[in-house]
Chemist: 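This is the structure I have questions about; it appears just below.
Chain letters run A, B, ... following the sequence lines, proteins first and then strands; every chain starts at 1.
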Amino acid sequence: MLYLILILILLICIIYVVYPFLSISKDQDPLLDEINIKIRKNSLMSELDSELESGILSTDLHNQLKDDVEKMIQLELQNLDKENSKIDPIEKMIQIRKDEKSK
Amino acid sequence: MTISNLGFTLLILTMNLCLYSLIGSLIGVRISSKTLLKSAKNANYCTFITLAFSVSCLVYAFVAGDFSIKYVFNHSSLSMDPIYTWVALYAGNEGSLLYIALIISISSFITLFFMPSELNEAEPYIISILSGFLLFFVTVMIFLANPFDTFQNIPKDGRGINPLLAHPGMFSHPPLLMAGLATIIIPFSLVVGMVFTGKFRNDGLDYIRTTSLIIWSILGIGLLLGSWWAYTILGWGGYWVWDPIENVGLMPWLIMTAFIHSIIVQRRRGMFRVWNVILIFLAFVLAQFGMFINRGGPVVSVHSFAASTLGYIFLGFMLFSAIFCLLVFILYSHKIKSDNNVQSFLSRESAFLINNFFLVAITFVTLWGLIFPLISELFAGETVTVGAPYYNSVNGPVILALLFVMGIGPNLSWRNTSKENLISNLVAPLALLSISFILLISFSSKPIISSLSISVIVLVISTIIIEWSKGSYRITKAGTPWFISFIKLIANNRKKYGGYIVHISILLVAMGVIGINFYQIKVDKVLSVGEEVKVGRYIVELIEIDENEYNDRREKIATFLVKNNKNEEIKIMNGNNTFYPSFNMASIRAAIHSNPIEDLYIIPSDFLSNTDMKLIISINPLVWWMWLGGPIFIIGTLISLWPYRTKKG
């Protein structure tokens, strides 16, 4: 009886530990998606910072755009999707805001 | 296969799972493999199963009286009250380590299972820390403190449980205290994980706060239950004597108190990030220090397990933890700078910071008192004892100042408090403090510190009542009845008002401490059967002395008739003095008559003959309120943690 309990526990542990390797998704690894989004965010933020330094953006617009980027990245992380098209609207939004200010 | 074999095999399996989880999570994050990370996480989950069954094996061995296992032999016997076989698991060193390992695995499971997505990036580091911590305990058990070690020749009976542990407190105090100390690893791992990813910001702070609050409350209740247990049994020294083991449980609790308050400021104002990291590191290292002192450390205590080399293993782990924390701090502190600084002394942030300093100060005073005898013996060759007078005289005023700021702080605004607000919020409470202080010093012959302590309690209670009244009044203006308004006030801001309820519980404990420390009446008396003595409002008559002989103990019971000043009978009480020959130990239980005003506390300290005995009788005012503080503390914490209903759509 005790041997049976031990074998049962062993089996449960082995199955549970090995299971993730047996059910690898063919889709893109979501962890990589998440890392990509974060890299993308850092790059956008750096771009905005350098545009501020070079005088292309005003301080107010810079801060506003940074807040917007932050919010949209957070939304993106929460609703992580395999489609990358959702990232594009962030850059579109930045361009629209810049255009509005330059008019 | 025997039960002991099964239990030990499961420990080995646990060790392997921890190793895999630790290494797998670190490699997984390095090579960005979600699959390996998931597998490592599952391995951590599995430790809960293996340890639960391992613990079940030991408990079964106790209940079944399997004395082939040395641990069962050392902590139970056939003549022991069977109910204690269920808790003898953590009566000794090896079993308590097994219990702690189980608690770590359960808390790791819960923490990882409910972890919010904001902490995804930090998760691999959190898993590795939790698994590494558990690995240490399991490895110590396997190689140095095996709870499943067996005899070649099976004894017919065991030694029995330590007589001082045969008490209802055994069901609650040790498991809660050990759980509270061990699970400090949870907020520690969460913070370290976030620091490693360079993000110790608002993401995940709520989760850290929630876990910290739960652990802090478990530890707090564990400490209070220990005080209650010590109060009822003479062998533990009284409700609090600044015993080294009591101190090593208190110190992490004080630092966690600072942490759970300071994290509010970080959440609200983006401040104190580095300070919060320091606090949680300190709490964790102090918890490991407690392990060292408790398990064969060099400090003598009625609470500690027997001195052994195991203590130095825990010393080594504590030093490793300290070095780890220091390295993390040096390498990563520049990434976690705060967004804002304290702008005004008259701000809530400032009050929180001052209180933090007080809490840290009390901790270091307590730590110094604990280690000074060691330092003195090591460097000067002198044996010194640091007792209650040192702690009371140094910590007492700081605790008083802490309570004062606890009353003032919630009335200050964030960033800055205007003079008008300051006056309107504080004039009434400060007036009440002054009036009560003047009245007390005018009519009381007790030390000024006692009058000041009571006045500070009056201040804090009045600030809470005024705050609640104002808040409830705002809601009643809409036509809601007063009582419903009060409930709505609490329900609409549970964190804040749950916190106030917890503050009230602290005040109740403080009231009990003031009562017993400053207003106690104590009488030493030798009584013969039939004689009586007057103490305070009571008359205590010794009715009879009985002696009972059992297999494992000799029991002497004194029966008292308690009357009031009008000679009216109140109740009959018993106190006993029990001697356990196999342990060469005596256990003295006080006879206690308790009401909200005072406790009549009778200690049968010495039985001189069949008809004469020596008694210590004391009147302890307000102690009843100290124990009431416990349930109120729990209620306040639960309210503070109660989640809001999320709206759908």
Chemist: Please assess B:T50 against B:T14 for the test side chain to side chain donor-acceptor pair (under 3.5 Å), listing each intermediate value before the final yes or no.
Modeler: CA-CA 6 Å; B:T50 56; B:T14 309; 2.8 Å; yes
Chemist: Got a list of side-chain donor-acceptor pairs under 3.5 Å for residues 124-135 of chain B, not counting sequence neighbours?
Modeler:
{"residue": "B:S128", "atom": "OG", "partner": "B:P124", "partner atom": "O", "Å": "3.4"}
{"residue": "B:S128", "atom": "OG", "partner": "B:Y125", "partner atom": "O", "Å": "2.7"}
{"residue": "B:S131", "atom": "OG", "partner": "B:S21", "partner atom": "OG", "Å": "2.6"}
{"residue": "B:S131", "atom": "OG", "partner": "B:N44", "partner atom": "ND2", "Å": "2.9"}
{"residue": "B:S131", "atom": "OG", "partner": "B:I127", "partner atom": "O", "Å": "3.0"}

Chemist: Please output the residues of residues 52-61 of chain B in contact with chain A, using a heavy-atom cutoff of under 4.5 Å, in numerical order.
Modeler: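 Within residues 52-61 of chain B, the residues under 4.5 Å from chain A are B:F53.
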Chemist: Could you give me the CA-CA distance, side-chain angles and deciding distance for A:M45 and A:V69, then say whether side chain to side chain contact (heavy atoms under 4.5 Å, CB included) is met?
Modeler: CA-CA 8 Å; A:M45 294 295 204; A:V69 167; 4.1 Å; yes
Chemist: Identify, with sequence neighbours excluded, every residue that meets side-chain hydrogen bond (donor to acceptor under 3.5 Å, both in side chains) alongside B:N5.
Modeler: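 Partners of B:N5 by the side-chain hydrogen bond (donor to acceptor under 3.5 Å, both in side chains) criterion, ordered by chain and then number, come out as B:T2.
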Chemist: Which residue pairs pass the ring-ring contact (aromatic ring centres under 6.0 Å, His included) test when at least one of the two sits in residues 23-52 of chain B, sequence neighbours left out?
Modeler: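 Sorted pair list: B:Y45-B:F109, B:F48-B:F109.
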Chemist: Heavy-atom cut-off 4.5 Å, strictly under: side chain, backbone, both or neither for B:L17 against chain A?
Modeler: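 Side chain only.
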Chemist: Do B:D66 side-chain atoms and B:F62 backbone N/O form a donor-acceptor pair below 3.5 Å?
Modeler: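 Not a single qualifying donor-acceptor pair exists.
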